[in-house]
> 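Okay, here's the structure, questions in a sec.
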Amino acid sequence: MTIAPTTIRPVLALLLACVALLACSQSQDKPRPLPSNNVAKADFSGFWELNYGQSDNIQVELDAMVRDLRKQMDRRGQPGMNQGAMYNVGGGGTANSGASIIGLAQMADLITQSQLMEITQNEHDIKVKREGDFALTCEFYLGQFHTVETPLGKEVCGWNAHQLVFRILLPEGLSIQHVLTVGADRQKLNIATTVVSDQVSTPFVLNRVYERYEPQDEGYSCKMTISKGRVCTTESQ
Amino acid sequence: MYHRIPVSLAMLPAAAWILLCLALPAFAEDVPPPLAIPVGNVTLQTAGKLPEDALLDVGLAIFSPGIPIDAASHSKMGIFPEIRKAEAQFIPVYLRQVLVASGGWGVVRVLPDADASYELLITGKIRRSDGLQLVLQIRAADATGRLWLDKTYTDETAQSDYPVAAGDDPYADLYRQVANDLLQFRLGLSRSQLQEIREVALMRYAADLSQDAFGGYLEADAMGIYKLVRLPAQGDPMMARVERIRSQQHLFIDTVDEQYVDLYEEMAPTYNLWRQYGREQALYQADYQARASSRERYGRRGTFAAMEQTYSAYRLLKIQEQDLDEMALGFNNEVLPTAMEVSGRVFRLNGTLTSQYTEWRSILREIFALETGLPPASPAAQ
């Protein structure tokens, strides 16, 4: 049985439209799906220190986001409620409320507070130890992303060309994405953190730039054991 | 000729797929393994003094670790694969100790791989193992193919089970229950049945060496139950060779067995501490989740207070998990050197010993073939 080409076109168009619709609906509470050509890799290993001067200023980013949202509202012919509250750009209700917009920026600030990072990486996995926060970990699988589920959230990670992407999907419409990019000379590392809330129509993106540093040789190395706890020796690593 | 399909009809599969995707829950639940009722407090039954010819030799194969292929589920199920692989070797050794203590058995050996020619072969799979609960699927069958038991055993720990005294185990009741069930079955067998098991075991081993020479002595029915068709003549030199080769194999297993015991003794103190910490962690986490789900939200959805609460809950869970992971690393740091003295890493031990065992059996077959001039049985035919 053959289907007439004239019939296929509208069917295909409708299918594509549905898929696009689905993608759009998802993009409101989740970042875009990752491409699957995750072959090229970069080496992030080492010790990294936050460079405030080169990192995004949260106030500047917040102002830019509010301007964008206002433009969006203006284009739609829905003037923002900007007379009273500084950041209210929605037309009432809960979406794009000032509290939600500022909350998103505050969340981005909270999530990106780590000043020091230690990254260990080999061909199979990576561990990004962040000062004051949980470590981001990822196992590498050729052509697919690594998923970890916990009772309180889900993580997906993997390569997007030379970038490493960590995505954390949390309850209540909150999701976080960290994209790690290392400079060609491997002296600078950028983490682009995107925070998405289903209560704000635009995600909040904050770039943090880290610079490589060498920790001082403490003259000892330690490892974790159960019966003796942290065991240190003066032997070099 | 073209058949026109209405657009709405053609869209059905796509629509169904989209609806299915939308309907799927964000976090699909893993199907929990069917659990048996905990064994409770169990007293080990002992067999008393049994005559030598009433004792069956027991082979306890290293357990299946029961690690799901889907790596994404490990974290959710609280499985640390490296520790689980070590447990698969640890658990049979303790079960062997309990079986020996019950006194109703001949030689009880821990085997790197299952060997159906053992008079009684016990295999197992770890369904769950952490500081709170141990769930084992245990199967025991004798050489004739008679199934003694195929059962799931569960035991739970109480606060009083920790810290674990030297030589003890927080799940000792479970092991005692397995030993009691096996002994009960064994005591229900007649002397002639025991004799038949021993004879079939020997002939199955002989057939394993040379199907051509010994395959005709046995017959298996559709259910896989073996029976003897006839026996070799008394003083048959071929059977003497078979018995000698078998004792060579036992010698190898006894050497391997000592390695398992060493591993067990080295591993036990650390492993018990790990289980104790695991229990404390699990109870804390359960308590935290219960409090997190029951308490009121700090703020309206989308506000910083609400998002911070969501993120903080996740962060705390991850930190707890990663602490446990660090402990697993600590566990490996202590276990690895012991295993390395034997055959590299503890997690390679199973593979290495299994392959060594397989290779040894293959060598024995070749020796037997050389001695007798009979064609060796191919491993695929076993």
Side-chain angles (χ1 to χ4, degrees), chain A residues 1-8 10-11 14-15 18-19 21-22 25 94-95 97 99-107 110-111 129 133-135 137 139 141 146-155 168-174 176 195 197-200 223-231, chain B residues 1-8 10-11 14-15 17-18 21-22 26-28 30 70-76 269-271 273-274 277 285 289 292 297 299-322 325-331 333-334:
Chain A
M1 185 171 74
T2 314
I3 301 169
T6 48
T7 316
I8 290 172
V11 170
L14 269 165
L15 257 174
C18 281
V19 171
L21 262 174
L22 184 66
S25 69
T94 55
S97 69
S100 296
I101 295 165
I102 293 172
L104 207 57
Q106 285 177 300
M107 275 306 294
L110 175 79
I111 291 162
K129 282 188 183 172
D133 212 328
F134 64 90
T137 57
E139 289 173 23
Y141 297 98
H146 180 221
T147 305
V148 172
E149 288 186 33
T150 74
L152 296 181
K154 180 177 177 177
E155 287 177 39
I168 305 164
L169 308 171
L170 298 171
E172 304 228 332
L174 178 64
I176 297 154
V195 188
S197 163
D198 62 358
Q199 299 299 301
V200 181
K223 65 179 180 180
M224 187 71 181
T225 67
I226 290 184
S227 58
K228 302 180 196 75
R230 196 170 144 89
V231 176
Chain B
M1 179 182 172
Y2 297 120
H3 296 272
R4 286 186 176 274
I5 298 172
V7 170
S8 57
M11 285 297 296
W17 177 80
I18 290 165
C21 291
L22 292 173
F27 311 113
D30 289 299
D70 177 17
S73 66
H74 295 173
S75 168
K76 199 178 181 187
T270 305
Y271 179 53
L273 267 176
W274 183 79
Y277 290 149
Q285 213 169 80
Q289 279 169 28
R297 303 297 304 176
R300 186 169 45 78
R301 182 173 175 137
T303 59
F304 176 64
M307 287 191 285
E308 187 197 20
Q309 194 180 11
T310 300
Y311 185 72
S312 295
Y314 186 72
R315 176 164 61 181
L316 191 67
L317 179 86
K318 289 295 291 183
I319 289 171
Q320 291 277 333
E321 241 184 40
Q322 288 172 356
D325 208 35
E326 283 280 312
M327 283 186 202
L329 202 64
F331 175 90
N333 282 339
E334 294 199 4

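Atom set for the values below is all heavy atoms of this structure, side chains included, hydrogens, waters and symmetry mates excluded. On a predicted model such as this, the values are computed, not experimentally measured, just so you know. To find a chain, count down the sequence lines: A is the first, B the second, and so on, and within it residues start at 1.
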> How long is the span from the CD1 atom in B:Ile319 to the CG atom in A:Asp133, to the nearest 0.5 Å?
6.5 Å
> Check each atom of A:Leu104 against the heavy atoms of chain B and say whether the ones under 4.5 Å are side chain, backbone, both or neither.
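The answer is both parts of A:Leu104.
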> For B:Gly302 and A:Ser197, work out which heavy atoms get closest and say how close.
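That closest heavy-atom pairing would be CA-OG, 4.1 Å.
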> Which value, rounded to the nearest 0.5 Å, describes the distance between B:Glu308 atom CD and A:Gln106 atom CD?
8.5 Å
> Any side-chain heavy-atom pair from B:Arg301 and A:Asp198 closer than 4.5 angstrom?
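Counting from C-beta outward, B:Arg301 and A:Asp198 do come under 4.5 Å.
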> Nearest 0.5 angstrom please: A:Ile111 CD1 to B:Arg315 CZ, how far?
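Between atom CD1 of A:Ile111 and atom CZ of B:Arg315 there are 9.0 Å.
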> Looking at residues at least two apart in the chain, or sitting in another chain, which of them share a ring pair (Phe, Tyr, Trp, His ring centres under 6.0 Å) with A:Phe134?
B:Tyr314
> Over all heavy atoms of both residues, which pair between A:Ala99 and B:Thr303 is shortest? Give the atoms and the distance, please.
CB-CG2, 4.1 Å
> Ignoring hydrogens, what is the shortest heavy-atom contact between A:Ser100 and B:Met307? Give both atom names and the distance.
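Heavy atoms of A:Ser100 and B:Met307 come nearest at O-CE, 4.4 Å.
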> With sequence neighbours left out, write down each residue that passes side chain to side chain donor-acceptor pair (under 3.5 Å) with B:Lys318, or none if nothing qualifies.
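Listed in chain order: A:Glu155.
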